[in-house]
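Reckoned from all heavy atoms, side chains included, excluding hydrogens, waters and symmetry mates. Residues: numbered from 1 along the sequence shown.
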Amino acid sequence: MARQKRHSRVEVATKLAHANDLARQGKLQTEIARTLGVSVMTLHRWRKAPHAPRPAHEADGPDWTPGGGDRIAELRLENSRLRRLVTDLLLEKIKLEEAAQSQSFHRVKGRDEYRH
């Protein structure tokens with residue numbers, strides 16, 4: 001049988017709000033978790049949840065963006081494009097360095113042949 005959830009969404013949201021308040025006061029994560037009656041790992045998991053539930057009074061806050069997923073997708077796409085661009089430029093640089101090395105090698109080799 002599947003295990004039933006221990007905390008409702010409202011409880012999680014309320015506890016996260018309380019945890020944020022305690023964190024602003026400078027409390028350690030272990031103290032916050034102990035105060036809330038959960039483990040540090042549970043607190044971390046709740047914070048990292050993709051759509052962590054928030055209390056109604058925090059829903060209008062600056063870090064709550066309903067379309068945030070779209071922005072993240074855009075940034076990931078831009079990041080992958082930039083990574084490809086950097087990779088292409090590095091490959092081009094390596095090719096140019098190899099070409100310059102082979103030309104200088106042929107010149108030195110050619111000079112040695114003229115001396116003999």
>> Can you tell me how far apart CG (Leu91) and CG (Leu96) are? Round to the nearest 0.5 Å.
In response: 11.0 Å
> Given side chains that start at C-beta, do those of Lys93 and Leu89 come closer than 4.5 Å, heavy atoms only?
Replying inline: no
>> Any non-hydrogen side-chain atom of Val40 less than 4.5 Å from a side-chain atom of Ile32?
In response: no
>> Enumerate the side chain to side chain donor-acceptor pair (under 3.5 Å) contacts for residues 27-39, please, sequence neighbours excluded, ordered by first and then second residue.
In response: Gln29-Arg47, Ser39-Thr42
>> Nearest 0.5 angstrom please: Thr14 OG1 to His7 NE2, how far?
In response: 11.5 Å
>> Within this structure, what is the CD-NE2 distance for the pair Glu11 and His18, rounded to the nearest 0.5 Å?
In response: 14.5 Å
> Got a salt bridge between Arg71 and Glu74, using NZ or NE/NH1/NH2 to carboxylate O under 4.0 Å?
Replying inline: yes
> Are any of the side-chain heavy atoms of Leu22 and Gln25 separated by less than 4.5 Å?
Replying inline: yes
> Can you name the residues that form a side chain to side chain contact (heavy atoms under 4.5 Å, CB included) with Arg81, not counting sequence neighbours?
Replying inline: Leu77, Arg84
> Given side chains that start at C-beta, do those of Val38 and Arg6 come closer than 4.5 Å, heavy atoms only?
Replying inline: no
> Can you find a heavy atom in the side chain of Asp88 that is under 4.5 Å from one in the side chain of Glu92?
Replying inline: no
> Take atom CD in Gln101; do more than 12 heavy atoms of anything else shown fall under 6.0 Å from it?
Replying inline: no
